[in-house]
K.L.:
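Got a structure here, written out as structure tokens. Questions coming.
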Amino acid sequence: MRDAYHEELDSIGEGLVEMARLVGSAIGRATTAILDSDLKLAESVIAADEKVDELQHELEARAIALLARQQPVATDLRIVVTSLRMSADLERSGDLAQHVGKLTRLRYPNRAVPHDLHATILEMGQLAQRLMAKAAEVIITKDVDLALQLENDDDEMDLLHRALFQHLMDDRWKHGIETAVDVTLLGRYYERFADHAVSVAKRVVYLVTGEHADEIQAAPAPVEGA
């Protein structure tokens with residue numbers, strides 16, 4: 001019975017990895033769709049979010065069943081509860097990728113992103129995909145050091161987000177209010193997507209150590225020879 005129990009715990013982890021990979025792929029494809037005004041690709045991103053939602057519901061059902069049947073304590077309880085929270089982060093990430101796809105559809109056949117911002121949006125999309133790929137790796141490896149790196153990686157997204165706003169506030173902006181709103185929303189979608197990837201990594205830190213990532217990062221470094 002204990003073997004079956006741990007297999008179920010493992011399957012929850014595998015479900016999280018699959019969710020992370022799906023939403024990482026989704027944000028990459030959504031970025032291509034919005035930059036190329038590719039309606040067919042955008043529709044595929046929108047439709048694919050249903051699979052992410054289904055996975056979350058399945059994972060929640062398995063986790064709740066485990067809590068009811070096994071009444072886990074200590075580390076096992078932490079795994080189940082933390083997994084539920086990670087699945088919520090990943091589901092929201094999928095929604096954000098879907099929002100990018102829906103914006104593509106809304107503006108089709110026109111392009112939502114002006115040409116002079118293509119490079120910035122492309123970089124934000126690629127970074128979002130890399131952050132989620134790293135979050136998936138953290139779920140698999142339980143590598144605390146790698147997990148803690150994600151917050152530093154997210155600083156790059158914050159810089160891109162600020163650069164986007166500076167462009168919007170520039171007196172030379174000539175693309176109108178509607179496009180300004182679209183670009184503002186896009187920047188927010190990518191910034192929030194990155195935040196969710198960081199949140200997943202932080203939850204892995206808590207799962208492994210029982211401490212919150214912020215507490216570990218704030219702790220003073222050990223003195224050599226002490």
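Not measured: the values here are computed from a predicted model. Reckoned from all heavy atoms, side chains included, excluding hydrogens, waters and symmetry mates.
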K.L.:
Can you give me the closest heavy-atom contact between Ala201 and Leu150, atom names plus distance?
P.N.:
CB-CD2, 3.8 Å
K.L.:
Only pairs at least two apart or in different chains count here, so list each side-chain hydrogen bond (donor to acceptor under 3.5 Å, both in side chains) that has a residue in residues 12-32.
P.N.:
Ser25-Arg29, Arg29-Ser44, Thr31-Tyr190
K.L.:
Taking the side chain from Ser87 and the backbone from Leu84, do they hold a donor-acceptor pair closer than 3.5 Å?
P.N.:
yes
K.L.:
In Å and rounded to the nearest 0.5 Å, what is the CZ to CG distance from Arg192 to Leu96?
P.N.:
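CG of Leu96 is found 7.5 Å from CZ of Arg192.
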K.L.:
Do Arg107 and Arg111 have side chains that get closer than 4.5 Å, going by heavy atoms?
P.N.:
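Not in contact.
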K.L.:
Hey, are Arg188 and Glu191 close enough for a salt bridge, meaning a charged N less than 4.0 Å from a carboxylate O?
P.N.:
yes
K.L.:
For Met124 and Leu164, run side-chain contact (heavy atoms from CB on, under 4.5 Å): C-alpha distance rounded to whole Å, both residues' side-chain angles, the deciding distance at 0.1 Å, then the answer.
P.N.:
CA-CA 10 Å; Met124 293 180 86; Leu164 202 61; 4.1 Å; yes
K.L.:
Indicate, with yes or no, if Val45 and Val52 share a hydrophobic cluster defined by side-chain heavy-atom contacts under 4.5 Å among Ile, Leu, Val, Met, Phe, Trp and Tyr.
P.N.:
no
K.L.:
Run Leu146 and Lys134 through side-chain contact (heavy atoms from CB on, under 4.5 Å) and show every step you take.
P.N.:
CA-CA 8 Å; Leu146 183 62; Lys134 190 174 283 190; 3.8 Å; yes
K.L.:
Could you state the interatomic distance from CZ (Arg130) to CE (Met132), rounded to the nearest 0.5 Å?
P.N.:
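So the gap between those two atoms works out to 13.5 Å.
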K.L.:
Quick check against the 3.5 Å criterion: does Asp36 have a side-chain atom that pairs as donor or acceptor with the backbone of Asp38?
P.N.:
no
K.L.:
Would you check if the side chain of Ser37 reaches a backbone N or O of Tyr108 as a donor-acceptor pair within less than 3.5 Å?
P.N.:
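A pair under 3.5 Å: no.
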K.L.:
Hey, quick one: are Leu207 and Val81 part of the same hydrophobic cluster, counting side-chain heavy atoms closer than 4.5 Å, chains of contacts allowed?
P.N.:
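Result: yes, single cluster for both.
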K.L.:
How close do Pro114 and Thr179 get, heavy atom to heavy atom, and via which atoms?
P.N.:
CD-CG2, 3.6 Å
K.L.:
Looking at CD of Glu156 and CG of Asn152, how far apart are the two atoms once the value is rounded to the nearest 0.5 Å?
P.N.:
11.0 Å
K.L.:
Among residues two or more places apart or on two chains, list those pairs meeting side-chain hydrogen bond (donor to acceptor under 3.5 Å, both in side chains) that have a residue in residues 159-171.
P.N.:
Asp116-His167, Asp170-Arg172
K.L.:
Look at the side chain of Gln98 and the backbone N and O of Ile46, then say whether any donor-acceptor pair between them is shorter than 3.5 Å.
P.N.:
yes
K.L.:
For a 4.5 angstrom cut-off between non-hydrogen side-chain atoms, does Ile27 reach Tyr189?
P.N.:
no
K.L.:
Taking the side chain as every heavy atom from C-beta outward, state whether Asp53 and Asp95 have any atom pair closer than 4.5 Å.
P.N.:
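Yes - at least one pair of side-chain heavy atoms lies under 4.5 Å apart.
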K.L.:
Would you compute the distance between atom NE2 of His99 and atom CD1 of Ile34 and round it to the nearest 0.5 angstrom?
P.N.:
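Interatomic distance, His99 NE2 to Ile34 CD1, rounded to 0.5 Å: 12.5 Å.
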K.L.:
Leu59, Ile64: one ILVMFWY side-chain cluster at the under-4.5 Å cut-off?
P.N.:
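Different clusters: Leu59 never reaches Ile64 through Ile, Leu, Val, Met, Phe, Trp or Tyr contacts under 4.5 Å.
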K.L.:
Once rounded to the nearest 0.5 Å, what's the spacing between atom CG of Leu35 and atom NE2 of His115?
P.N.:
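It comes to 10.5 Å.
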K.L.:
More than 12 heavy atoms of other residues, nucleotides or ligands under 6.0 Å from CD1 of Ile177: is that the case?
P.N.:
no
K.L.:
For the residue pair His57 and Glu54, establish whether any side-chain heavy-atom pair is separated by less than 4.5 Å.
P.N.:
no
K.L.:
I'd like to know if the side chain of Arg203 reaches the main chain of Ser83, judged simply by a donor and an acceptor atom lying under 3.5 Å from each other, with no hydrogens or angles considered.
P.N.:
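No; zero donor-acceptor contacts below 3.5 Å.
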K.L.:
For Ala213 and Val205, work out which heavy atoms get closest and say how close.
P.N.:
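In terms of heavy atoms, the two residues are closest at CA-CG1, 4.0 Å.
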K.L.:
Hey, is CD on Glu50 packed in by over 12 heavy atoms from elsewhere, all under 6.0 Å?
P.N.:
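Counting neighbours around CD of Glu50, 12 or fewer heavy atoms of other residues, nucleotides or ligands fall under 6.0 Å, so no.
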K.L.:
May I ask you to say whether Asp89 pairs ionically with Arg92, meaning some side-chain N is under 4.0 Å from a carboxylate O?
P.N.:
no
K.L.:
Applying the side-chain contact (heavy atoms from CB on, under 4.5 Å) criterion to Leu66, which one of Ile79, Leu77, Ile12, Asp76 satisfies it?
P.N.:
Ile12
K.L.:
Dump the intermediate steps for side-chain contact (heavy atoms from CB on, under 4.5 Å) on Leu39 and Thr104, then the final yes or no.
P.N.:
CA-CA 7 Å; Leu39 182 61; Thr104 305; 5.7 Å; no
K.L.:
Does some side-chain heavy atom of Leu22 sit less than 4.5 Å from a side-chain heavy atom of Met19?
P.N.:
no
K.L.:
Does Glu8 form a side-chain contact (heavy atoms from CB on, under 4.5 Å) with Gln70? I'd like the steps, not just the answer.
P.N.:
CA-CA 11 Å; Glu8 192 67 16; Gln70 302 291 342; over 6 Å; no
K.L.:
Restricting to non-hydrogen atoms, name the atom on Ala30 and the atom on Ala97 that form the minimum distance, rounded to 0.1 Å.
P.N.:
CB-O, 3.6 Å
K.L.:
Which value, rounded to the nearest 0.5 Å, describes the distance between Glu91 atom CD and Glu60 atom CD?
P.N.:
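Answer for the CD-CD pair, Glu91 versus Glu60, is 8.5 Å.
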K.L.:
Which pair of non-hydrogen atoms, one from Asp154 and one from Ala194, has the smallest distance, and what is that distance?
P.N.:
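Looking at all heavy atoms of both residues, the closest pair is OD1-CB, 3.2 Å.
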K.L.:
Would Leu41 end up clustered with Val100 when hydrophobic side chains under 4.5 Å apart are linked, directly or stepwise?
P.N.:
no
K.L.:
Closer than 3.5 angstrom, by distance alone: can the side chain of Ser199 be matched with the main-chain N or O of Asp195 as a donor-acceptor pair?
P.N.:
no
K.L.:
Work out which heavy atom in His196 is nearest to a heavy atom in Ser93; give both atom names and the distance.
P.N.:
CB-OG, 3.2 Å
K.L.:
With a 4.5 Å cut-off on side-chain heavy atoms, are Tyr206 and Arg78 touching?
P.N.:
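A side-chain contact under 4.5 Å exists here.
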K.L.:
State yes or no: do Leu160 and Trp173 share one hydrophobic cluster built from I, L, V, M, F, W and Y residues joined by side-chain heavy-atom distances below 4.5 Å, directly or via other members?
P.N.:
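Yes: a chain of side-chain contacts under 4.5 Å links Leu160 to Trp173.
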